[in-house]
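Contents: one structure, followed by commentary.
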Amino acid sequence: MHGRAARPRRDGRDDPQDRPQRRARACSGAAHRQVPVKARRTMELRTLLTSRKTLVLKIGDVENQIRGSLCLFGIELGTAKRRTFSERVRELTADLPRVAAILDVLLQAHAAMLLSLDRLNRMVPEIAREHAVCRKLMTVPGAGAVVGLTFISAIEDLARFAKSRSVGAILGLVPRKHQSGEIDRNGRITKTGDTEARAALFEAAHVMLHRVKKWSGLKAWATKTAQRQGNKRAAVELARKMAVVMHRMWVDGTTFRFSAVELRPPPPRRHLTVCRDRGWVSSASKGRPHWDGREVKPE
């Protein structure tokens, strides 16, 4: 039950005579809102994705803690790959036995979390291969198994959206609207809805914009937008477009099309009629003539 029906009026008045009506309205069915409940398979998928993200963040926290501790002794770790991180730390702390003993506890936790992350990383592609919709969504440039499964777990039910354009608003990728009288301006994006899906789409858009070398209609449009408004805004707008495209691919059961020129219907044939006396040209499309304003030079 939503408690908004029992709140005072927006104009600030709280008349005692209105309180029984508000309470009755709150207890009635009009104050209830329908909330979609995700299926068990979707919740299992979301548990896998959130657990994987938690491990990735915690591994980064442990590495940053070790780097900060080494800076106290004037040791800069520099660039080190995640797999060789422990060896590099032990090599630099060979002359500091007490520090090495303290950091060895963190390195053991770091190694254990890496093994757990490997187990979850192997589960993600296995589930993606079994999911027919995810395989089609992975044909979008920049979208991998994690992006596809995150999008599927966020949307789940296609019947929730009458139009694919509504997906961007649900995921918080549309600008805020400020309207008051003659004022009408757009603000920053709303950032409502599923945070994980919005972050995954933004990362996929960044990959398409900067990493993917094969050109497509979306990439060309995003590149022009980046030249006008900057890379960050272009990535946000591209993420919204990718959400709309992926939803439509899911509905139609198709894969990503790099070019839609071949699928466009040919334009209708136009019959031109030249009137030399009046100096204009009329064109007719589907039997209905109209004037296009083109003048004809007299002979």
Side-chain angles (χ1 to χ4, degrees), residues 38-57 82 117-161 163-168 170-173 193-223 225-226 231 234-263:
K38 294 185 180 297
R40 181 173 181 178
R41 182 180 179 184
T42 304
M43 290 188 290
E44 293 175 353
L45 181 59
R46 178 52 64 92
T47 303
L48 170 62
L49 296 173
T50 53
S51 302
R52 177 186 175 275
K53 183 178 180 180
T54 301
L55 282 178
V56 171
L57 295 177
R82 182 155 288 179
L117 182 61
D118 290 339
R119 293 177 56 187
L120 295 181
N121 285 337
R122 287 193 294 268
M123 294 181 185
V124 172
E126 292 177 359
I127 297 177
R129 282 193 295 267
E130 298 175 356
H131 208 296
V133 177
C134 184
R135 293 199 303 269
K136 294 179 180 179
L137 296 181
M138 289 172 61
T139 59
V140 179
V146 176
V147 177
L149 294 177
T150 304
F151 184 80
I152 291 173
S153 62
I155 302 302
E156 188 187 21
D157 187 11
L158 295 177
R160 293 171 53 194
F161 307 96
K163 297 180 181 179
S164 298
R165 296 179 182 178
S166 305
V167 179
I170 292 297
L171 298 180
L173 291 170
D194 198 322
T195 305
E196 304 296 333
R198 184 169 59 254
L201 288 171
F202 181 81
E203 293 178 2
H206 188 274
V207 172
M208 177 187 289
L209 189 59
H210 300 285
R211 299 293 182 180
V212 177
K213 296 183 179 180
K214 187 174 181 180
W215 285 91
S216 60
L218 280 178
K219 181 177 175 62
W221 174 84
T223 303
T225 305
N231 292 329
V236 173
E237 294 184 12
L238 180 59
R240 180 188 60 80
K241 273 187 170 292
M242 289 180 66
V244 175
V245 171
M246 292 172 69
H247 181 268
R248 180 47 51 184
M249 290 168 52
W250 190 355
V251 173
D252 297 340
T254 57
T255 57
F256 182 77
R257 296 194 296 263
F258 285 86
S259 178
V261 177
E262 301 176 356
L263 301 176

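Of the possible donor and acceptor atoms, one in the side chain of Glu156 sits under 3.5 Å from a partner among the backbone N and O of Ala39. With Arg160 contributing its side chain and Ile155 its backbone, the two residues share a donor-acceptor pair below 3.5 Å.
Using the six-membered ring where Trp is involved, His206 and Phe202 have ring planes that are tilted, between 30° and 60° apart.
Remark: Glu126 CD to Asn121 CG distance equals 11.0 Å, nearest 0.5 Å. To the nearest 0.5 Å, atoms CZ (Arg211) and NZ (Lys213) are separated by 10.0 Å. Taking OG1 of Thr50 as the start and CG of Leu120 as the end, the distance is 9.5 Å to the nearest 0.5 Å. With rounding to the nearest 0.5 Å, the separation of OG in Ser153 from CE in Met43 is 12.0 Å. Summarising the geometry, atom CG belonging to Leu218 is positioned 10.0 Å from atom CZ belonging to Phe258; distances are rounded to the nearest 0.5 Å. With rounding to the nearest 0.5 Å, the separation of CZ in Arg240 from CZ in Arg165 is 9.5 Å.
Pairing each heavy atom of Leu171 with each of Ala197, the nearest pair is CD2-CB, 4.0 Å. When all heavy atoms of Ala128 and Met138 are compared, the pair lying nearest together is CB-SD, 4.1 Å. The nearest pair of heavy atoms linking Asp194 to Ala154 is OD2-CB, 3.3 Å. When every heavy atom of Gly148 is checked against every heavy atom of Leu137, the shortest pair comes out as O-CD1, 4.1 Å. When every heavy atom of Ala205 is checked against every heavy atom of Ala235, the shortest pair comes out as CB-O, 3.4 Å. Considering every non-hydrogen atom in both Glu196 and Arg46, the closest pair reads CG-NH1, 4.4 Å.
For CZ of Arg41, the number of neighbouring non-hydrogen atoms (other residues, nucleotides, ligands) closer than 6.0 Å is 12 at most. Annotation: Arg82, atom CZ; neighbour count of heavy atoms from other residues, nucleotides and ligands within 6.0 Å is above 12.
With contacts defined as side-chain heavy-atom distances shorter than 4.5 Å, the pair Thr139/Met249 qualifies. Side-chain contact check for Phe151 versus Met242: every heavy-atom pair is 4.5 Å or farther apart. Side-chain contact check for Val124 versus Leu149: some heavy-atom pair is nearer than 4.5 Å. Side-chain contact between Leu201 and Met246: present, with at least one pair of heavy atoms (C-beta onward) separated by less than 4.5 Å. Looking at Leu57 and Lys53, their side chains come closer than 4.5 Å, going by heavy atoms from C-beta outward. Residues Lys136 and Thr254 form no side-chain contact, since every pair of their non-hydrogen atoms from C-beta on lies 4.5 Å or further apart.
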message: Set out, in order, the CA-CA distance, both residues' side-chain angles and the distance that settles side-chain contact (heavy atoms from CB on, under 4.5 Å) for Phe161 and Val251, then state yes or no.
response: CA-CA 10 Å; Phe161 307 96; Val251 173; over 6 Å; no
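Considering only residues two or more places apart in sequence or on other chains, His131 meets the ring pair (Phe, Tyr, Trp, His ring centres under 6.0 Å) condition with none of them. Legend: residues meeting side-chain hydrogen bond (donor to acceptor under 3.5 Å, both in side chains) with His247, ordered by chain and number and at least two apart, are Ser164.
In this structure, Arg40 pairs ionically with Glu44, as a charged nitrogen and a carboxylate oxygen lie closer than 4.0 Å.
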